Amino acid sequence: MTPPAALLRDPTALLPRLAAASSHLRALHAHLLVSGRLASPSHLAAFLASLASSTYHLSYARLLLPPRPATLLAHNALLRALARGPRPGLAFAAFCDLPLPPDHYSLNFLVRAATALAASAAEERSAASSGVDARLVPVSAHGAAVRWGHAADPHVQSGVVSMYAALGDAAAARAAFAEIACPDVVCVTAMLGALAAGGDVDAARDVFDGMPRRDHVAWNAMIAGYVHVGRSREALRLFDKMQGAGAAVGEATLVSVLTACAQMGALDRGKWVHGLLRSHGMRISVTLGTALVDMYSKCGVVVTAMEVFEGMGERNVYTWTGAVSGLAMNGMGTECLDLFKRMENAGIQPNGVTFVAVLRGCSMAGLVDEGRACFDSMKDKHGVDPWLEHYGCMVDLYGRAGRLEDAVNFINAMPVKPHEGVWGALLNASRIHNNVELGKYALDKLLAIESENDAAHVLLSNIYAESQNWNGVNRVRGMMKAKGVKKVPGWSAIEVDGKVHEFFVGGKSHPRYKEIELMLAEMNQRLRLQGYNANTKEVLFDIEEEEKEGAISMHSEKLALAFGLIALPEGMEIRIVKNLRVCRDCHDYTKLVSKVFNREIIMRDRNRFHHFKGGACSCRDYW
DNA sequence: ATAGGGTTAG
């Protein structure tokens, strides 16, 4: 990577290697030298910037710096390139080597470098990427701004606030913001973004509401803040207000709106955005295209997602990962693997997130050997260190396929301590394959790490219920009561005419509840004629009613399903999004409804899609 | 002559 010291002493010796790397840079250098333009600070700065954008050419770029510059321009250009480059930590070294006192530009680039460093440290989960302590970097950049008297520069100020935000330190961002005498709209937006990034969207909203002037970026920041914490409904409501306020709607906003639609499974709204893009002749950028792929995937329309994907001129790792993940979610394991291979062939380096997606795809489709090969290739072929999530995926892969022994052996062979996700995967596998002993074992391990995991308790209870062990069910219920573990209430959502209706377990608050009740009665009757019997095995104990069948029929997806049958025209598929996993009974029930009512039903649960048609489900009853 | 806030995958 870095050229040997001998080459650094004699830059001309670098030229052949430079040529091998990129002949056009060498030609450009020669041209600039001969024409005398390298003496011009702006040309030199531009050339330095282009050199410094590659780590390989960096040392060469440094040699071109004028020894006694009359201006900081060339140095600042180098700082800027380093800050934007793959190793932003290098900007710190360059900053220390400045032969002149830094100006407000230099400080700005230093702060940007610190931001990039903080962001990459957060992403990589390791602070050692540049040999600089990632937690000290922002403080020292901020300190340098104060030390050199540029802390009052508005560009530096907003940079410092968003730097602390990138580090995830909202308190430090607040403190820095409090120091600003007259924060302008940019600084306020940076503060708003810092609060939102820290998860405190309500505080962000207060800042937003208090702004004397809001430009489109401020609107975007607030909308994105809601999306960030999953409050997509409020995001869309704010987007409506934004349009009412006459703010300019651009790409960034629409990306956030698409993400909100994806979260909610709001296909109509998502399609509306897509139509808007087309009617305005907007170019589908990588980001926008990725958001579209994600939206269609999360609404269960894989075909359109892939059409958008194939039509994109440029795709990055986000785009590919989004598409791979979309196929995985929809249970298309083979297609998912094929796309992953295409990604490899296209020379796009997969990362940890990509592997989570492929492994999940393999797991959903029961492709055990293929998944194992992917896992092994992570480190060997791609240099990606497995995260705990990947180990969890592997346990899931073996476990779902019924290879419980392999799953246990895999856990025992793990080089790191298993986390709750690993035991959770084993617990779920025990449920699928009715292994009470293993389930108890997994839950014990899990509770030792995280004693209040509601989903884990529910899983164990379901294992007991499957084997008619009502004492076991009661025991788990008692454990939850004693520990105060609350089950997350289930909800299902369905979009009708662009409006998303939400149903909660046993909820009767919908304005059309009377009709829904009638429809439920009709459904139950027609299903019973087909031999349906409420499956009372997996009774979730959020319902205290005695009558088990009655309780089960009130699960939120059934309410949503009944409403869909009433409110959506015949022949139109019913799309339901729910926050938890579908229970066995609702799954059986929905399969039958798809047959008896001759409706296609697409249900997104916490983990994946179920495409019901003609009495069968795309998950092949394997989830 | 160089610079700021908002956008994509689990």
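Letters A, B, ... mirror the listed sequences (proteins, then strands); counts begin at 1. The structure presented is a predicted model; accordingly, all values stated were derived computationally and were not measured.
When heavy atoms are screened at a 4.0 angstrom cut-off, A/Ala221 is found touching the sugar-phosphate backbone but no base atom. Note on A/Ala291: nothing from the nucleic acid sits closer than 4.0 angstrom, heavy atoms only. Residue contacts shown for A/Asp294 are limited to sugar-phosphate atoms, with no base heavy atom under 4.0 Å away. A/Arg214 comes within contact range of no nucleotide atom at all, as no heavy-atom separation falls under 4.0 Å. No contact: A/Val227 has no heavy atom under 4.0 Å from any strand. Within 4.0 Å (heavy atoms only), A/Thr319 reaches no atom of the nucleic acid at all.
Residue pairs meeting the ring-ring contact (aromatic ring centres under 6.0 Å, His included) criterion with at least one partner in residues 153-185 of chain A, sequence neighbours excluded, are A/His142-A/Tyr164. Residue pairs meeting the ring-ring contact (aromatic ring centres under 6.0 Å, His included) criterion with at least one member in residues 324-360 of chain A, sequence neighbours excluded, are A/Phe340-A/Phe355, A/Phe355-A/His382. For residues 219-241 of chain A, every residue pair satisfying the ring-ring contact (aromatic ring centres under 6.0 Å, His included) rule, not counting sequence neighbours, is listed here: A/Phe208-A/Trp219.
The six-membered or imidazole ring of A/Tyr391 lies near that of A/Phe375, with a centre-to-centre distance under 6.0 Å.
Distance CZ (A/Phe309) to C1' (B/dA9): 12 Å, rounded to an integer number of Å. Taking atom CE of residue A/Met329 and atom P of nucleotide B/dG10, one finds them 6 Å apart after rounding to whole Å. One can place NE2 of A/His75 at 14 Å from C1' of B/dT2, the figure rounded to the nearest angstrom. Atom CD of A/Gln263 and atom P of B/dT7 are 13 Å apart (whole Å). For the pair A/His150 NE2 and B/dT2 C1', the computed distance is 14 Å after rounding to whole Å. The separation between A/Phe208 atom CZ and B/dG6 atom P is 15 Å, rounded to whole Å. Look at CG on A/Leu288: it is 15 Å from C1' on B/dA9, rounded to the nearest Å. For the pair A/Gln157 CD and B/dG4 P, the computed distance is 15 Å after rounding to whole Å.
Distances shown here put a side-chain N or O of A/Arg84 below 4.0 Å from the OP1 or OP2 atom of B/dA3. Taking only side-chain nitrogens and oxygens, A/Arg112 never comes nearer than 4.0 Å to OP1 or OP2 of B/dA3. At B/dT8, none of the side-chain N or O atoms of A/Lys298 fall inside 4.0 Å of OP1 or OP2 (strictly under the cut-off).
Comparing B/dG5, B/dG10, B/dA3 against the side chain of A/His155 picks out B/dA3 as the nearest. Checking B/dT8, B/dG6, B/dG10 against every side-chain atom of A/Glu389, the shortest atom distance belongs to B/dG10. Checking B/dT8, B/dG10, B/dA3 against the side-chain heavy atoms of A/Asn108 singles out B/dA3 as nearest. The listed nucleotides are B/dT7, B/dA9, B/dG5; the one nearest the side chain of A/Ala252 is B/dT7. With distances taken from any side-chain atom of A/Val185 to the nucleotides B/dG5, B/dT2, B/dG4, the minimum falls on B/dG5. Distances were taken from every side-chain heavy atom of A/Thr253 (C-beta onward) to each of B/dG10, B/dT2, B/dG6; the shortest belongs to B/dG6. Out of B/dG6, B/dG4, B/dG10, the shortest distance to the side chain of A/Pro154 is found at B/dG4. Set against B/dA9, B/dG5, B/dT2, the side chain of A/Phe109 has B/dT2 as its closest nucleotide. Minimum atom distance to the side chain of A/Thr321 is reached by B/dA9, of the listed B/dA9, B/dG5, B/dA1.
Residues passing the side-chain hydrogen bond (donor to acceptor under 3.5 Å, both in side chains) test with A/Asp184, sequence neighbours excluded: none. Take A/Ala455 and apply the side-chain contact (heavy atoms from CB on, under 4.5 Å) test, not counting sequence neighbours, and it matches A/Asn453.
No hydrogens or angles considered: nothing links the side chains of A/Ser297 and A/Asp294 as a donor-acceptor pair under 3.5 Å. Between the side chains of A/His610 and A/Asp605, at least one donor N or O lies within less than 3.5 Å of an accepting N or O. Defined by atom type and a distance below 3.5 Å, a donor-acceptor pair is missing between the side-chain atoms of A/Asn108 and A/Asp153.
Residue A/Asp184 places no side-chain atom within donor-acceptor reach of the base of B/dG5, judged by atom type and a 3.5 Å distance cut-off alone. In terms of polar N and O atoms assigned as donor or acceptor, the side chain of A/Thr290 comes within less than 3.5 Å of the base of B/dT8 in a complementary pairing. Side-chain to base pairing of A/Asn220 with B/dG5: no donor and acceptor N or O lie closer than 3.5 Å to each other. In the interface, the side chain of A/Ser158 is not paired with the base of B/dG5 through any donor and acceptor atom under 3.5 Å apart.
Residues from residues 337-367 of chain A with heavy atoms under 4.0 angstrom of DNA chain B, sorted by number: A/Asn351, A/Val353.
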